Amino acid sequence: MAHIVTPLDRPSTYKDSKSNVDRARQSDILSKSCTLYIGNLSFYTTEEQIYELFSKCATPEEGGGLKRIIMGLDRNQKTPCGFCFVEFYTHAEALASMRYVSGTKLDERIIRCDLDLGYQEGRQFGRGKSGGQVRDEHRQDYDAGRGGWGAQAAREAVYADAETGPNAVATGGGVWKQQPVEQPQSLKRKRDEDEEEDADAEGPRANPRFRADREDEE
């Protein structure tokens, strides 16, 4: 049965794109790591709540304990954005957290724990274009614990409101091209019907100037 059931303390196959270590070196570091990456947190979960939960896996009587917690922050707003790093003093404590804490609920959210290569300055900030996590960039659903709509869905909602909302603006036209264009009225005076009949009856000789020219020629 051991080869059928996946151990709860086995790290995932995730590889940090910013890390320069290869897979073999990564496995060696994770086999000794005391650092956990915690994901799927609510934006409203506090550091105190995380400390209270993970300290249950700490063993200070054996020389261990919870060393520190680094909250993940939005790069622009410097507010929590749904992840953190938890550092213990021993590898055994990190494994215990993966066995007993990962997959449980915190603030009504199922949190995920994974062994990490180790925290470095700068990793506390989200890597998404909007400053938060990349996963929230492409999220299409509404999640109150993760700030509402995902960044992409929020942008689409803003664009839709700009086209159809109360303060809608022009979006390039299209309908106006299908409408007939009214020609400007000519300022030239049109001849009355009586004038047209007189001109047709008398011909060009009715013009006094025309008659004078003909007399000179004769």
Side-chain angles (χ1 to χ4, degrees), residues 8-19 26 30 33-58 65-89 93-167:
L8 297 178
D9 56 1
R10 177 181 295 177
S12 71
T13 58
Y14 169 79
K15 187 177 188 303
D16 187 357
S17 60
K18 301 292 184 180
S19 174
Q26 174 176 302
L30 293 180
S33 175
C34 303
T35 305
L36 290 173
Y37 172 88
I38 316 300
N40 201 39
L41 291 173
S42 167
F43 288 3
Y44 305 102
T45 298
T46 64
E47 184 175 340
E48 288 75 16
Q49 288 175 281
I50 296 171
Y51 183 89
E52 181 180 358
L53 176 62
F54 283 90
S55 63
K56 298 180 184 301
C57 296
L66 209 162
K67 185 177 182 180
R68 65 171 176 168
I69 297 171
I70 301 98
M71 298 295 294
L73 301 176
D74 184 290
R75 186 175 62 253
N76 300 326
Q77 302 179 20
K78 303 301 185 290
T79 55
C81 64
F83 72 99
C84 74
F85 296 93
V86 175
E87 289 186 355
F88 288 97
Y89 282 100
E93 293 170 309
L95 293 182
S97 295
M98 292 183 63
R99 293 192 191 104
Y100 306 121
V101 178
S102 184
T104 61
K105 279 189 175 183
L106 177 60
D107 272 346
E108 299 302 317
R109 303 185 65 84
I110 297 177
I111 62 174
R112 301 186 303 270
C113 305
D114 197 13
L115 286 176
D116 190 79
L117 296 176
Y119 172 76
Q120 294 180 352
E121 187 62 31
R123 291 189 64 196
Q124 74 270 35
F125 299 120
R127 296 177 179 176
K129 293 181 180 179
S130 62
Q133 288 192 271
V134 175
R135 59 170 294 202
D136 289 315
E137 291 286 330
H138 306 287
R139 182 167 50 80
Q140 294 290 335
D141 61 323
Y142 182 87
D143 191 336
R146 303 280 299 188
W149 294 103
Q152 180 175 341
R155 285 193 295 268
E156 293 174 355
V158 170
Y159 295 152
D161 183 66
E163 294 180 3
T164 61
N167 298 320

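Keep in mind that what you see is a predicted model, and the values were worked out from it rather than measured.
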Heavy-atom side-chain proximity of [X] to [Y] below 4.5 angstrom:
| X | Y | result |
| --- | --- | --- |
| Ile38 | Phe54 | yes |
| Phe88 | Leu36 | yes |
| Ser17 | Arg127 | yes |
| Phe125 | Lys78 | yes |
| Asp136 | Cys81 | no |

Would you check, one step at a time, whether the test side-chain contact (heavy atoms from CB on, under 4.5 Å) holds for Cys57 with Val101? CA-CA 8 Å; Cys57 296; Val101 178; 3.7 Å; yes
What are the two closest non-hydrogen atoms of [X] and [Y], and how far apart are they?
| X | Y | result |
| --- | --- | --- |
| Leu41 | Arg146 | O-NH1, 2.9 Å |
| Leu66 | Ser55 | CD1-N, 3.7 Å |
| Glu87 | Tyr119 | OE2-CB, 3.6 Å |
| Thr45 | Met71 | O-CE, 3.7 Å |
| Ala94 | Ser33 | CB-O, 4.0 Å |
| Tyr89 | Cys34 | O-SG, 3.8 Å |

To the nearest 0.5 Å, what is the distance between [atom1] ([X]) and [atom2] ([Y])?
| X | Y | atom1 | atom2 | value |
| --- | --- | --- | --- | --- |
| Glu93 | Lys67 | CD | NZ | 11.5 Å |
| Ile111 | Thr104 | CD1 | OG1 | 4.5 Å |
| Thr35 | Asp114 | OG1 | CG | 11.5 Å |
| Ser102 | Ile110 | OG | CD1 | 10.0 Å |
| Cys113 | Asn40 | SG | CG | 11.0 Å |
| Glu52 | Thr46 | CD | OG1 | 9.0 Å |

Short side-chain to backbone donor-acceptor contact, [X] and [Y], under 3.5 Å:
| X | Y | value |
| --- | --- | --- |
| Asp9 | Arg99 | no |
| Asp107 | Ser42 | no |
| Gln26 | Tyr14 | yes |
| Gln124 | Gly122 | yes |
| Arg75 | Ser130 | no |
| Arg123 | Gly118 | yes |

Parallel, tilted or perpendicular: which one describes the rings of Phe83 and Tyr37, with boundaries at 30° and 60°?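 The arrangement is parallel - the two ring planes meet at less than 30°.
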Does [X] have more than 12 heavy atoms from other residues, nucleotides or ligands lying within 6.0 Å of its [atom1]?
| X | atom1 | answer |
| --- | --- | --- |
| Lys56 | NZ | no |
| Glu47 | CD | yes |
| Lys129 | NZ | no |

Dump the intermediate steps for salt bridge (Lys or Arg N to Asp or Glu O under 4.0 Å) on Arg109 and Asp143, then the final yes or no. CA-CA 11 Å; Arg109 303 185 65 84; Asp143 191 336; 2.9 Å; yes
For Leu95 and Leu115: C-alpha separation, side-chain torsions, deciding distance, then whether side-chain contact (heavy atoms from CB on, under 4.5 Å) applies. CA-CA 8 Å; Leu95 293 182; Leu115 286 176; 4.0 Å; yes
Check against side-chain contact (heavy atoms from CB on, under 4.5 Å), Met98 and Leu8: CA-CA 6 Å; Met98 292 183 63; Leu8 297 178; over 6 Å; no
